[in-house]
Amino acid sequence: MALKVSLILAAWSAAVSATVQNPAVSPRPPMGFNNWARFMCNLNETLFVETADAMLEKGLLAAGYNHINLDDCWPLKERNNASELQWDPKLFPHGLKWLGDYFHERGFSFGIYTNAGNMTCGWYPGSQDHEEIDAKTFEKWGVDYLKVDGCHMDLQKGRSYYEEFEYRYKLWHEVMTTKLKKPFIFSQSAPAYFSPNFHLDLNNTDWYRTMDYIRSSGELARHSDDIKVYGNNDNNTFEPGGHWESMMNNYGMEVRLSRYQSCGFYNDPDFLIVDWPDLSMDEKKTHFTLWSSFSAPLILSAYIPALTPSDISYLTDPDILAVDQDALCEQATLVSQNENEAIDTLTKNLANGDRLLTVLNKGNATTTLSIPLERLGIDPDATYTAKDLWSKKSHNVTEQITVTLRKRQTAIFRFSSLSRTPIPVTPTGQVFNTFSMNCLTAGSSGHYSGGVRFAACEGSDEQVWVVDGKGRYSPLSAPERYLTANAGGKVTLERKKAEVGGVGGR
Ligand SMILES: *[C@@H]1O[C@H](CO)[C@@H](O)[C@H](O)[C@H]1NC(C)=O
Ligand SMILES: *[C@@H]1O[C@H](CO)[C@@H](O)[C@H](O)[C@H]1NC(C)=O
Ligand SMILES: *[C@@H]1O[C@H](CO)[C@@H](O)[C@H](O)[C@H]1NC(C)=O
Ligand SMILES: *[C@@H]1O[C@H](CO)[C@@H](O)[C@H](O)[C@H]1NC(C)=O
Ligand SMILES: *[C@@H]1O[C@H](CO)[C@@H](O)[C@H](O)[C@H]1NC(C)=O
Ligand SMILES: *[C@@H]1O[C@H](CO)[C@@H](O)[C@H](O)[C@H]1NC(C)=O
Ligand SMILES: *[C@@H]1O[C@H](CO)[C@@H](O)[C@H](O)[C@H]1NC(C)=O
């Protein structure tokens, strides 16, 4: 398979992330509401007014959920005589300028949706060849945030499908930065149209090529599948099934992309689905915990007026939101995945010098496990205070931390040091092939000449790699050896010479 092999090393992403040109457009991952996954095309003024009122009243705005975004199906099927898009006056009797004012007066920003192709996914007029006029129309209505989807792309001037997307998203970026008083927060769906599940005839090459440019053209990358919607678009009745799997699918796409994220540009694994009756509270909190560990956008798709106090309570948890909105904007990366036990472990740095640990139980049984602290890239002999951000309990740990997780539950801990801030961190994590998702695996003792191979991830020390001050990769199972290639290109694990120096990295 010809693919761009993208090795991702946990903890390293921030160090290699390029900066985007203007992080000030969205200095932190956006938080808010979008109607799509919950209501699809069943949107109207009443829904948005009720949503704004409820977000205010229930404390969601105060917690930071300040964007209210319309998705597809808001326009009339025809442009007006001036070629402008028009809202559907049956759905929005006071109009969208009025609705935008309603949001702004209450402290919300106003988001809207269009399409880079010539029609929206729901067959309303698209913005292809109308980029500037549509941007100016949205500006006139007071729009602050724009999602541009990628359905119905008309290939022009001999451009390939890939080239047409690149041309259109870069054009949108140019229009927003040169033709408007201030650029919208730009949510870009281009990568989703090249993601592994979307076009099975394509390969990851175009997905990563898209990711390479997209962080220079906007603030968000909708990188893969839509989260599975609530139910039937015709009558908005709930259809159970597949929602946990959809969440896990998008999580599995997100972990492939950590190196792209830095403040100002966010990988977007799609909406948080809050009031889906087939999700347990543990599953919903897992969703929120993982997305927050990623510093992902937290865009709720739910009927907000009916959210329960327990829903609001977890969605506004200040400790978890602080991880999402952390000033480093790091996306937590995989330390290890154990496919047999269905346990994933992730970590990242936090701006105050703390270290984060997130542990996901994808399985169906309660599990207790111990995680050696060296897997977090921190000195296992030191003592840390580990705060469980859900239970709010702190305890002092050294060498290892023991965690018990129910079915599909996720734990999240903030490690702080009793003696050293920031905690010294050695880049540590699994190295995986982002196409096969197999893990780089060291040969076992006595078999180093066999070098390394990609194998199913099982969370062993042979699959957790540490980077030293000289940039050399060693497996935790054999720290005295490092990865190298001989003249013939064969990758082996050589023994380090005696003079090896200290440990670098953050
Ligand atoms: C993968 O996609 C790239 C870009 O479209 C193409 O050049 C390459 O031939 C493809 N490889 C395979 C094996 O399909
Ligand atoms: C507005 O949309 C909501 C959600 O789909 C629906 O329940 C309600 O009946 C609609 N109201 C009007 C006035 O169309
Ligand atoms: C739009 O143009 C058509 C045809 O020229 C005309 O009949 C119609 O009155 C115009 N509508 C508006 C709102 O100006
Ligand atoms: C949109 O593009 C498609 C594909 O090229 C084309 O068949 C269709 O006629 C176009 N539709 C509009 C409304 O321009
Ligand atoms: C909603 O629509 C689906 C498919 O059209 C249908 O099977 C279902 O019975 C409808 N449900 C209700 C409550 O009308
Ligand atoms: C958990 O149970 C579901 C439903 O029975 C099953 O589809 C899934 O494969 C199980 N997950 C694991 C990790 O065993
Ligand atoms: C952790 O250890 C420090 C230093 O001994 C102590 O002050 C603190 O109370 C301990 N914290 C917990 C939660 O036990």
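Atoms within a ligand are numbered from 1 in the order they appear, just like the ligands themselves. Since the structure is predicted, the reported quantities are computational estimates derived from the model, not experimental observations. Both backbone and side-chain heavy atoms feed into the values below; hydrogens, waters and symmetry mates do not.
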Which atom pairs, nitrogen or oxygen on both sides, join ligand 6 and the protein at under 3.5 angstrom?
unit_1	atom_1	unit_2	atom_2	d
ligand 6	2 (O)	N364	OD1	3.4
ligand 6	2 (O)	N364	ND2	2.3
ligand 6	11 (N)	N364	ND2	3.0

- Message: Strictly below 4.0 Å, N to O, side chains only: are E245 and K228 in salt-bridge contact?
- Response: no
- Query: Parallel, tilted or perpendicular for Y260 and Y208, by the 30°/60° rule?
  - Reply: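 If you compare the ring of Y260 with that of Y208, the planes turn out parallel.
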- Gap between atom CD of E254 and atom CG of N267 - 0.5 Å precision: 5.0 Å
At a 4.0 Å threshold, what atoms of ligand 2 neighbour a non-hydrogen atom of [X]?
| X | value |
| --- | --- |
| F39 | 4 (C), 5 (O) |
| T46 | 13 (C) |
| N42 | 2 (O), 4 (C), 5 (O) |

- Pairs flagged by salt bridge (charged side-chain N to carboxylate O under 4.0 Å, His left out) wherever residues 276-289 is involved - sequence neighbours left out: D282-R406, E283-R408, K284-D311
- Query: For the side chain of R28 and the backbone of Q325, is there at least one donor-acceptor N/O pair under 3.5 Å apart?
  - Reply: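 Checking the backbone N and O of Q325 against the side chain of R28, a donor-acceptor pair under 3.5 Å is found.
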- Message: Please check this pair: side chain of D354 against backbone of R414, looking for a donor-acceptor N/O pair closer than 3.5 Å.
- Response: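 Checked: no pair found.
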- Message: Checking side-chain polar atoms at under 3.5 Å, does Y124 have a donor or acceptor matched by the opposite partner on D88?
- Response: no
- ligand 2 to N236 polar contact by distance, N or O atoms, under 3.5 Å: no
